[in-house]
Student: 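Please see the structure below; I have some questions.
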Amino acid sequence: MPAQLISGTALSQQIRAELSQRTAALATRGVTPALAVILVGDDPASAVYVRNKVKACAEHGLRSVLEKYESSFSEDALLARIRSLNDDMSVHGILVQMPLPAHINPQRVIETISTAKDVDGYSVRSAGELLAGLPGFRPCTPYGCMKLIESTAVSLKGKHAVVIGRSNTVGKPMALLLLQANATVTVCHSATPDLGFFTRQADVVVAAVGRRNTLTRDMVKPGAIVIDVGMNRDDAGKLCGDVAFDEVREVAGWITPVPGGVGPMTITMLLVNTVESAERVAK
Ligand code: NAP
């Protein structure tokens with residue numbers, strides 16, 4: 001029997017409907033959750049991502065503050081803008097769209113965002129909170145993957161989860177979130193010999209590589225949950241993930257499609273983090 005699809009589109013809609021109720025409740029207390037989005041330069045893909053974030057805010061009762069700067073904008077000026085937004089009590093989340101022009105140090109920029117407003121969860125302090133199991137903002141993509149896994153109602157306790165990829169924004173935080181949910185976690189990467197040896201033992205596989213067909217049918221345990229974070233293009237230019245979807249769905253128990261899986265969840269969890277930040281302030 002082919003795997004059940006885990007629809008990120010449907011789950012996103014459900015979470016966003018709940019969010020609209022939370023923003024409505026905040027509005028009765030005179031609070032509008034606000035997300036500041038800073039875009040430096042003219043990268044076309046970044047412009048699309050920023051537009052989608054601004055649109056999602058408008059659709060769910062959040063206010064967005066979009067600041068666009070020329071690629072020549074200096075690092076000092078950018079840091080000054082972030083400090084000013086840190087001090088602005090009407091702003092609850094700050095996001096600087098990556099990548100930044102080469103003359104700007106991205107880590108310095110991220111570390112300048114107040115931890116209380118780091119709704120992307122990328123700062124070292126937010127990463128430390130996740131590592132220590134303290135409350136804080138979780139990076140949106142792995143946070144969304146956890147929601148997708150939760151939606152299957154399969155308990156992670158005692159399960160073996162294999163994460164393929166160890167980036168600071170996806171793979172590593174994903175592994176920590178799975179660990180927190182009581183899974184036994186293995187992290188694989190480009191120097192892992194025989195990836196299939198590990199994935200064949202996995203009850204849950206999260207593929208976050210950026211290379212199509214990384215996970216094939218012979219590498220998947222029957223009934224496993226497969227979460228595909230990858231965003232790649234096939235030979236026809238069509239969006240595809242890291243998982244060989246058509247063949248893996250024949251053995252997996254659950255699988256996310258690309259598009260319509262992890263992608264929609266990332267912006268949704270950004271909205272969730274921003275609303276949560278506003279709720280903390282409104283307490
Ligand atoms: P990244 O920083 O390039 O990290 C990729 C990871 O994959 C690295 O840890 C790398 O290992 C590992 N890797 C590369 N080749 C491998 C192989 N043959 N076998 C096993 N591991 C291998 O990428 P990322 O930012 O984590 O993103 C991963 C993918 O997710 C990309 O396609 C990206 O576009 C997508 N993504 C999607 C969303 C979404 O919203 N849907 C959000 C974020 C990212 P090393 O560390 O050894 O180099």
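First listed ligand is number 1; within each ligand, the first listed atom is number 1.
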Student: Do the side chains of D118 and R125 get close enough for a salt bridge, i.e. N-O under 4.0 angstrom?
Tutor: no
Student: Tell me which residues fall inside the under-4.0 Å heavy-atom shell around ligand 1.
Tutor: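 Residues within 4.0 Å of ligand 1: T141, I164, G165, R166, S167, T169, V170, H189, S190, A208, V209, G210, R211, V229, G230, M231, N232, V262, G263, T266.
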Student: Any salt bridge between R83 and D88, counting N to O under 4.0 Å?
Tutor: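 A salt bridge is absent here (no side-chain N lies under 4.0 Å from a carboxylate O).
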Student: Whether R22 and E279 form a salt bridge (side-chain N of Lys/Arg under 4.0 Å from carboxylate O of Asp/Glu) is what I want to check.
Tutor: yes
Student: Measuring only between side-chain heavy atoms, which start at C-beta, is E67 closer than 4.5 Å to L85?
Tutor: yes
Student: Inspect the contact between K147 and E150 and indicate whether a charged nitrogen and a carboxylate oxygen are less than 4.0 angstrom apart.
Tutor: yes
Student: Q97: what forms a side chain to side chain contact (heavy atoms under 4.5 Å, CB included) with it, not counting sequence neighbours?
Tutor: L39, S46, Y49, V50, K53, L95
